[in-house]
Amino acid sequence: ASPLSTHPQLSVEVIQQAPALLRQRQPIFAATGGIHGALLMSRCGEVTLCREDIGRHNAVDKVIGAALKQELELGQLVMVISGRAGFEIAQKCIVAGIPALIAVGAPSSLAVELAAETGLELIAFARGHSFNRYTG
């Protein structure tokens, strides 16, 4: 994978508000408690798109597909996901050119390695006021 363009680190405030921005846009999760979400937002925290699906990979695919269909500049956006940051989700962000990934859940060690190699800013365990910054 080619290195992503460099951006300033995401601010603490944007990272802290990201999970709530996602949750507010998950009506199916609110009704069922069993659906994953993926959200694209600006580096300032302005929400662009959100999609839900039973599978976390599908939610990510849906939001990237919608962004491509709308011809959005993915290199200026941040992915926020409700689940874990596995290798495949990190890879999807990198291939799409999305420079930052925030996950509510844990990252895999392979996702952290890939993020470090490619310049993906990876934040995980984003819950309330706490989070871990692995790269970026």
Side-chain angles (χ1 to χ4, degrees):
S2 60
L4 295 167
S5 59
T6 58
H7 290 274
Q9 247 184 11
L10 287 170
S11 73
V12 169
E13 295 77 24
V14 167
I15 295 167
Q16 289 174 337
Q17 72 180 1
L21 292 173
L22 174 59
R23 181 66 57 91
Q24 292 164 6
R25 287 158 181 83
Q26 287 190 268
I28 301 171
F29 177 84
T32 67
I35 297 289
H36 283 286
L39 176 139
L40 287 170
M41 67 178 189
S42 74
R43 299 184 70 77
C44 300
E46 297 170 4
V47 175
T48 305
L49 291 169
C50 186
R51 295 292 185 269
E52 291 182 287
D53 197 276
I54 191 81
R56 60 193 173 93
H57 294 273
N58 292 347
V60 169
D61 290 344
K62 283 179 175 182
V63 81
I64 290 173
L68 290 171
K69 196 171 182 181
Q70 293 180 29
E71 298 181 3
L72 299 178
E73 180 54 53
L74 291 171
Q76 301 300 315
L77 299 176
V78 176
M79 177 73 73
V80 183
I81 59 170
S82 61
R84 318 183 283 108
F87 173 84
E88 298 87 355
I89 290 179
Q91 188 175 45
K92 288 172 193 262
C93 290
I94 292 160
V95 170
I98 299 167
L101 171 60
I102 300 172
V104 173
S108 70
S109 59
L110 284 176
V112 173
E113 288 175 27
L114 182 63
E117 290 172 10
T118 60
L120 175 69
E121 185 172 0
L122 177 60
I123 291 113
F125 292 114
R127 299 172 185 162
H129 291 290
S130 67
F131 61 88
N132 293 343
R133 190 185 305 262
Y134 291 86
T135 59

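Quick note: numbers below take in every heavy atom, side chains included, and nothing from hydrogens, waters or symmetry partners.
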Q: Start with the C-alpha distance between L22 and I102, add both sets of side-chain angles, then the distance that settles side chain to side chain contact (heavy atoms under 4.5 Å, CB included), and finish with yes or no.
A: CA-CA 11 Å; L22 174 59; I102 300 172; over 6 Å; no
Please check if [X] and [Y] belong to a single hydrophobic cluster, counting links between Ile, Leu, Val, Met, Phe, Trp and Tyr side chain heavy atoms closer than 4.5 Å.
X: I81; Y: L74; value: yes
X: V47; Y: V104; value: no
X: V60; Y: L49; value: yes
X: I98; Y: V95; value: no

Q: Run the numbers on V80 and L21 for side chain to side chain contact (heavy atoms under 4.5 Å, CB included), then give the verdict.
A: CA-CA 9 Å; V80 183; L21 292 173; over 6 Å; no
Q.
Show, in sequence, the C-alpha distance, side-chain angles and deciding distance for E52 and R25, and conclude whether the salt bridge (charged side-chain N to carboxylate O under 4.0 Å, His left out) test is met.
A. CA-CA 9 Å; E52 291 182 287; R25 287 158 181 83; over 6 Å; no
Any non-hydrogen side-chain atom of [X] less than 4.5 Å from a side-chain atom of [Y]?
X: R43; Y: P99; answer: yes
X: V63; Y: T48; answer: no
X: Q17; Y: M41; answer: no
X: K92; Y: M79; answer: no
X: V14; Y: V78; answer: no
X: L110; Y: L114; answer: no
X: I89; Y: L101; answer: yes
X: S109; Y: F87; answer: no

Q.
For R23, is the CZ atom crowded, meaning more than 12 foreign heavy atoms sit under 6.0 Å from it?
A. no
**Q.** Q70, CD: over 12 other non-hydrogen atoms inside 6.0 angstrom
**A.** yes
Q: Supply the atom-to-atom distance H129 NE2 to E13 CD, rounded to the nearest 0.5 angstrom.
A: 10.5 Å
Q: Measure the spacing between CG of L77 and CG of L40 and express it to the nearest 0.5 Å.
A: 5.5 Å
Q) Are the side chain of T135 and the backbone N or O of L120 linked by a donor-acceptor pair below 3.5 Å? A) yes
